[in-house]
Amino acid sequence: MGSPANDIDRLVKREYKEGFVTDIDSETLPPGLDEGVVRAISEKKREPQFMLDWRLNAYRHWLTLTEPQWAHVHHEPIDYQAISYYSAPKDKDGPKSLDEVDPKLLETYEKLGIPLEEQKMLAGVAVDAVFDSVSVKTTFREKLAEVGVIFCSISEALQEHPDLVKQYLGSVVPAGDNFYAALNSAVFSDGSFVYIPKGVRCPMELSTYFRINAMNTGQFERTLIIADEGSYVSYLEGCTAPMRDENQLHAAVVELIAMEGAQIKYSTVQNWYPGDEQGRGGIYNFVTKRGACRGRNSKISWTQVETGSAITWKYPSVLLEGDNSVGEFYSVALTNNWQQADTGTKMVHIGKNTSSTIISKGISAGHGQNAYRGLVKVLNKADNARNYSQCDSLLMGDRCGAHTFPYIEVKNPTAQVEHEATTSKISVDQLFYCRQRGLSEEDAVSMIVNGFCKEVFKELPMEFAVEARKLLEISLEGAVG
Amino acid sequence: MLSIKNLHASVEGTPILKGIDLDVAAGEVHAIMGPNGSGKSTLANVIAGRDGYDVTAGKVVFRGKNLLELPVEERACEGIFLAFQYPVEIPGVSNLYLLKTALNSIRKHRGLNDLSAVEFLKLIKEKIKLVEMKEEFLHRSVNEGFSGGEKKRNEILQLAVLEPSLAILDETDSGLDIDALKVVANGVNSLRDEQRAMIVVTHYQRLLDYIIPDKVHVMANGRIVKSGDKSLALELEKHGYAWIAQDPGAAAAPPAGS
């Protein structure tokens with residue numbers, strides 16, 4: 001009978017099923033970053049002048065910044081001149097129908113389980129597929145347009161709805177917000193744009209599927225979602241990348257804006273390549289996500305399941321500006337092998353009677369390091385603000401780590417802020433109990449971990465919840481203790 | 001059904017079982033009694049295959065198979081069920097889900113199809129009556145916030161649903177009041193049949209008033225020192241375990257005057 005520690009070694013074997021490379025002709029800018037590159041990207045996309053100016057300002061500001069060092073993660077310095085900032089499949093001069101999309105791309109998405117032919121898709125989910133630096137296809141656009149919903153790539157939005165972009169871009173995450181956000185603002189190449197008009201409940205789930213394919217390329221996408229008064233939208237985001245020995249940078253920015261009475265539900269299942277068992281390769285996922293509850297009674301809810309990436313640095317946040325607005329953050333972050341995650345949220349209470357809920361579940365296995373970092377800030381005019389935070393960590397094995405960094409700043413005496421935290425291990429007794437009932441070790445671990453994550457999974461849309469469970473199973477394959 | 005020959009086992013190098021011989025036939029209920037530290041629970045755990053117990057000598061054959069070679073879950077699928085002395089809590093996993101997953105794992109092992117959700121619910125609603133539990137228990141997390149009595153009843157519910165050939169009840173009576181004890185005993189009795197054997201591990205005779213054993217074994221210091229029929233349990237009740245300890249020769253008649 002093996003000792004529990006040896007069993008955990010076995011558990012930490014996983015197979016990354018999305019690790020293939022698509023052999024496709026790409027147009028890629030040579031590595032390096034200067035104003036010329038910023039101009040070239042803007043020119044390729046035939047952007048309006050305001051956009052180029054915005055990018056250049058961001059770039060110049062970025063030059064004055066240094067990488068943040070406060071996160072509980074360690075990596076070799078990134079050489080920003082060794083990265084290519086633009087890579088696009090060739091002949092992508094705006095395919096108008098699916099027939100014009102390169103079959104190799106269609107095949108790639110088929111393999112990933114994301115068919116782009118509308119008749120094959122899950123009913124009720126519209127997809128924007130982003131491949132390296134560009135959007136290849138957005139489905140169900142016409143159907144959505146019937147109710148006035150705009151769902152397209154941000155490049156197209158810049159052509160067709162420049163005023164909307166100009167009004168809202170950078171209004172939640174300013175171009176100079178932080179090092180990675182500034183970099184993104186300078187060089188972002190594509191991403192999704194959503195506008196839900198007043199009073200419209202978006203008739204289907206919207207989703208973006210991000211895929212990094214090219215080597216030595218960073219992906220810098222930008223997502224902007226605006227929910228006008230009284231509207232509702234549920235948005236899903238998924239991501240994968242090929243297995244490579246080099247680290248690749250993904251520095252995205254997501255901005256959400258909810259007007260009076262609007263609700264935005266944003267769900268992510270992040271499965272970027274995490275690196276191999278020795279910790280070689282994998283994506284650096286340095287992402288800035290923030291939503292603003294601009295109007296009264298608005299609500300923004302972030303749900304994330306983070307199983308991939310070598311390093312995750314990500315704090316989906318909500319600015320609770322409108323009175324009675326609600327912010328939620330539900331997170332499962334898993335680190336296995338040598339993965340590192342520093343993730344959490346910021347809830348900034350600005351309006352009166354605002355409330356926020358934070359449920360964070362961190363799972364560490366192998367040599368994984370998992371940190372929850374969160375800020376609950378109640379400003380002086382935010383009367384009767386409420387926050388409830390719960391941070392639970394689950395450890396598997398004895399070489400991983402869980403860390404919690406909760407910050408609370410309260411400037412209004414009427415605020416009520418609660419914080420609960422637990423750390424537990426999958427116990428040998430739990431495993432024995434399940435196995436004695438006939439479950440295999442893998443099934444037992446998966447069941448226990450799923451139970452641990454239940455409060456978060458129930459927030460995910462149905463199809464995503466199934467995918468998230470499967471991902472956890474794959475990520476923990478062989479990880480039985 | 002179960003044949004144990006000269007079983008020796010140790011925990012962290014300390015010998016606990018020092019030569020157990022035991023044969024249990026289908027349809028029989030065996031009680032294993034003995035003072036604390038005599039090795040009763042160790043025997044139950046070694047049969048189930050718990051980590052941390054090293055078998056140093058001996059054989060355990062269950063329905064023709066060398067049990068000691070099988071991993072825990074295969075033993076379970078082959079029909080061995082252990083009702084735990086201290087059932088663990090599994091937060092976020094509903095009782096119903098665990099039961100369904102367990103039953104379907106065992107059915108798969110036997111080459112049967114998974115039960116559908118409807119079939120399973122029908123089955124469980126039948127079984128839950130045996131242990132007089134409310135249906136809301138099924139939707140609660142496994143053992144989380146259960147009282148001692150509820151945990152033990154839940155073990156018997158699992159026993160009823162999984163229908164093993166050999167059920168081992170490890171101190172199922174500990175921590176139960178008399179009403180809960182009766183419920184548990186009734187549940188167990190209703191599951192007695194020609195095909196199923198049971199090993200009831202207990203410290204006290206009390207449980208055996210309700211679950212009448214065919215055979216009683218007394219363990220002391222890692223061995224079975226005395227075997228008999230149900231009257232042996234009553235003798236023990238009268239004389240206490242000290243009586244056995246004074247008579248390590250075992251198998252002998254009770255001392256004169258008893």
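Lettering follows sequence order; numbering is per chain, from 1.
Between the side chain of B:His8 and the backbone N or O of B:Asn6, at least one donor-acceptor pair lies under 3.5 Å. In terms of modelled atom types and a separation under 3.5 Å, the side chain of A:Ser389 and the main chain of A:His419 share no donor-acceptor contact. Side-chain atoms of B:Thr14 do not come within 3.5 Å of backbone N or O of B:Ser10 as any donor-acceptor pair. Judged purely by atom type and a 3.5 angstrom limit, B:Arg196 has no side-chain atom pairing as donor or acceptor with the backbone of B:Ala26.
Side-chain N/O atoms of A:Gln339 and A:His367 include no donor and acceptor closer than 3.5 Å. For the residue pair B:His203/B:Glu171, the side-chain donor-acceptor check at 3.5 Å is not satisfied.
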Practice task
In sequence, state the C-alpha distance, the side-chain angles, and the governing distance for B:Leu2 and B:Val61, and then conclude on side-chain contact (heavy atoms from CB on, under 4.5 Å).
Solution key: CA-CA 6 Å; B:Leu2 179 76; B:Val61 176; over 6 Å; no
Exercise for the section: Dump the intermediate steps for ring pair (Phe, Tyr, Trp, His ring centres under 6.0 Å) on A:Phe452 and A:Phe457, then the final yes or no. Expected result: CA-CA 10 Å; A:Phe452 175 74; A:Phe457 285 172; 10.0 Å; no
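With a threshold of 4.5 angstrom between heavy atoms, B:Leu162 approaches chain A through side-chain atoms but not through N, CA, C or O. Heavy atoms of B:Pro87 lying under 4.5 Å from chain A belong to its backbone as well as its side chain. Residue B:Glu89 touches chain A through its backbone alone, counting heavy-atom pairs closer than 4.5 Å. With a 4.5 Å cut-off on non-hydrogen atoms, B:Leu99 does not touch chain A at all.
Taking the six-membered ring where the residue is Trp, the centroids of A:Tyr266 and A:Trp302 are separated by under 6.0 Å. Taking the six-membered ring where the residue is Trp, the centroids of A:Tyr433 and B:Tyr86 are separated by 6.0 Å or more.
A:His72 and A:Phe405 have tilted rings, their planes meeting at an angle from 30° to 60° on a 0 to 90° scale.
Residues of residues 135-149 of chain B having a heavy atom under 4.5 Å from any heavy atom of chain A, listed by number: B:Val142, B:Asn143. Of all residues spanning residues 110-119 of chain B, none has a heavy atom less than 4.5 Å away from chain A's heavy atoms.
Heavy-atom pairs under 4.5 Å with chain A peak, among B:Thr101, B:Ile106, B:Leu82, B:Leu98, at B:Leu82. Options B:Asn104, B:Val72, B:Leu103 differ in how many heavy-atom pairs under 4.5 Å they form with chain A, and the most are formed by B:Val72.
Contact of the A:Lys289 side chain with the A:Glu237 side chain is registered, since non-hydrogen atoms from C-beta on lie closer than 4.5 Å.
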